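First comes the structure, then the notes that go with it.
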Amino acid sequence: MCTACEDLVDPKEIKLDEIIAKYQNEKGPLIPILQEAQEVYGYLPAHVLKHISKATRIPLSRIYGVVTFYAQFRLTPVGRNLINVCMGTACHVRGGAKVLETLEKELKIKDGATTEDGRFTLEIVACIGACGLAPVISINNEVHGRLLPEKIAGILAKYE
Ligand code: FES
């Protein structure tokens, strides 16, 4: 554990140190460390990135460079329900843009954001493998297909 983080006793912090120790002597440890840290925290909080930087001696600026380059990494927490809006070709052709626009209006957020109450996070994704049901969204991995914009409010109401 780094000297600046001696007061950390949170089980997540202990797990983080285990992850860092596991990869530290490997080549290119940063991405697997970040991936596993994100699994532990659900996203990559600033204090976690600082801790990784100190423990691995990788400059914080480089870590932020990697985190912001790859779409898989998140710097903000995910809402209780994660909505993936498919913008693959089939969904796009069959009205995916209208579905997205309706979700954005309904939730008052854009792609990548979380509602103020933490209830929903909205994310655009590529094909989720249910093209026959296009246009498609998934909420917490539950697929909703052949979506019509007017059905969206009713679907959202089922998620607390
Ligand atoms: S393009 Fe949307 S599920 Fe394949």
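Small disclaimer: the values here were computed from a predicted structure and weren't measured. Only heavy atoms go into these numbers, but all of them, side chains included; no hydrogens, no water, no symmetry mates. Just follow the structure's listing: the first ligand is 1, and inside any ligand the first atom is 1. Numbers here simply count residues along the sequence, with the first being 1.
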Is any N, O or S atom of C86 under 2.8 Å away from atom 4 (Fe) of ligand 1?
no
Kindly say whether I124 contributes a backbone atom to a donor-acceptor pair with the side chain of D111 at under 3.5 angstrom?
yes
Determine whether L34 and L49 make a side-chain contact, defined as any pair of heavy atoms from C-beta on separated by less than 4.5 Å.
yes
All heavy atoms of T115 vs all of L107, minimum pair found to be CG2-O, 3.7 Å
Counting each atom of ligand 1 from 1 as listed, which ones have a heavy atom of G129 under 4.0 Å away?
3 (S)
Please determine which of K12, E13, E36 meets the side chain to side chain donor-acceptor pair (under 3.5 Å) test together with Y41.
E13
Per-atom filter on ligand 1: closer than 4.0 angstrom to a heavy atom of I128 are 3 (S)
What's the shortest heavy-atom distance between H92 and A97, and which atoms?
CE1-CB, 4.4 Å
Closer than 4.0 Å to some heavy atom of C131 - which atoms of ligand 1 meet that?
1 (S), 3 (S), 4 (Fe)
Decide if atom CD of E150 counts as having more than 12 heavy atoms of other residues, nucleotides or ligands within a radius under 6.0 Å.
yes
Contact between ligand 1 and A130 is defined here as a heavy atom of the residue under 4.0 Å from a ligand atom; is it met?
yes
Pull out every atom of ligand 1 sitting under 4.0 Å from any heavy atom of A90, numbered as shown with elements.
1 (S)
Backbone or side chain, does C127 get an N/O/S atom under 2.8 Å to atom 2 (Fe) of ligand 1?
no
